Amino acid sequence: MSNEWPLWEVFIRGQHGLSHRHVGSLHAPDAQLAIKNARDVYTRRNEGVSIWVVKASDIAASSPGHKGPLFEPSNSKVYRHPTFFDIPDEAGRM
Amino acid sequence: MDRDLFEFALRMGDNALILGQQVSAWCGHAPALEEDIALANTALDLIGQAKLWLDLAGEIEGAGRDADALAFLRDARAFRNALLVEQSNGDYGQTLMRQFLFDAWHFPTLKSLAASGEPRIAAIAVKAAKEAEYHFERSRDLVIGLGDGSEESHVRMQRALDLLYPFQGELTAPDSVDEALRARDVAPDLAAVKLETDRLTLETLAEATLRPPPAPVRKGGKTGLHSEGLGRILSDMQFLQRAYPGASW
């Protein structure tokens, strides 16, 4: 067994009704202390109104080596962007 | 001058100041980055509270002394902090145990003081109680985690408790100042604070599988009778103002 505390990813909701945003990671022995550590490390300057922590090992992530097949096919499909419409002047800025 | 009120403000301020000074010594040395930042936050909270209490003490005294003058230009015998907060940092477990035993008194005290009949005291307590509640939750969790942790962490936390537990009682032992202020509805009944402090302390220690030692209460700090540790703390904390009077930046 490792002597290191597990790694936690930290998500903070800012003051402005936004969604939780990933702000960084930290180590902590359990979830409750991870929240406390996140409070101390990431909200010292009044950055948040809510904290989520997720064990980093519980996050399933796409593999960087798989970037080609995953993301490149959409590169050439500009027709998926709604950029071919003429926006009527009355609609203003979109 | 309102001597009792002055004494009381000094006690609150000096407890926060000396503990804040001691905890701040961990900055850059704590066993983990997260703990380092958390402890520095605690120290800053306490020093901020010390400034509020000592400014109030200076105002009550009416002799032109502000928080800085009281913090940096008084000698040890004029300090009114309890002996607990001047006990040395020791290892990390000892620092956490000292913090926990203090927080278990500090939080209920500030909660009661928030309803003080003296509005200046109530105003400081309302702000400080939120900080103290968080300090308590954090130190409690860590005491439980380490007390009920590995064999080594348990031994270290029990050793810290044996060393420090006798000092907690001073915080809840009333003297004439406490009695006078309670009668004036300025400060809470320390018997009630003691009940809550003991409950918070003993519940946590039980969960942490730690046993408080049977030892008499050690006191003196509240009336200015300190251990030699305070002299060392002050020589460090006050050096700059003593060597370079009026220095600022």
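We name chains A, B, ... by the order of the sequence lines, and we start the count at 1 in each one. What you are looking at is a predicted structure, and each value in this text was computed from that prediction instead of being measured. Computed from heavy atoms alone, side chains included, the values below leave out hydrogens, waters and symmetry copies.
With a 4.5 Å cut-off on non-hydrogen atoms, B:Leu142 touches chain A through its side chain but not through its backbone. B:Ala32 touches chain A through its side chain: at least one heavy atom from C-beta onward sits under 4.5 Å away, while N, CA, C and O do not.
Here the shortest heavy-atom pairing between B:Ile37 and A:Asp40 reads CG2-O, 3.2 Å.
Interatomic distance, CG of A:Asn37 versus CG of B:Leu33, reported as 9.0 Å (0.5 Å rounding). Taking CD of B:Glu35 as the start and CH2 of A:Trp5 as the end, the distance is 4.5 Å to the nearest 0.5 Å. In this structure, B:Asp141 CG and A:Lys36 NZ are separated by 4.0 Å, a value rounded to the nearest 0.5 Å.
The environment of B:Tyr244 atom OH is sparse: at most 12 non-hydrogen atoms of other residues, nucleotides or ligands sit within 6.0 angstrom. The number of heavy atoms from other shown groups lying within 6.0 Å of CZ (B:Arg211) does not exceed 12. Within 6.0 Å of atom NZ in A:Lys77, more than 12 heavy atoms from other residues, nucleotides or ligands are found, so the atom counts as buried in its surroundings. Shown here is B:Glu207, whose CD atom has no more than 12 heavy atoms of other residues, nucleotides or ligands within 6.0 Å.
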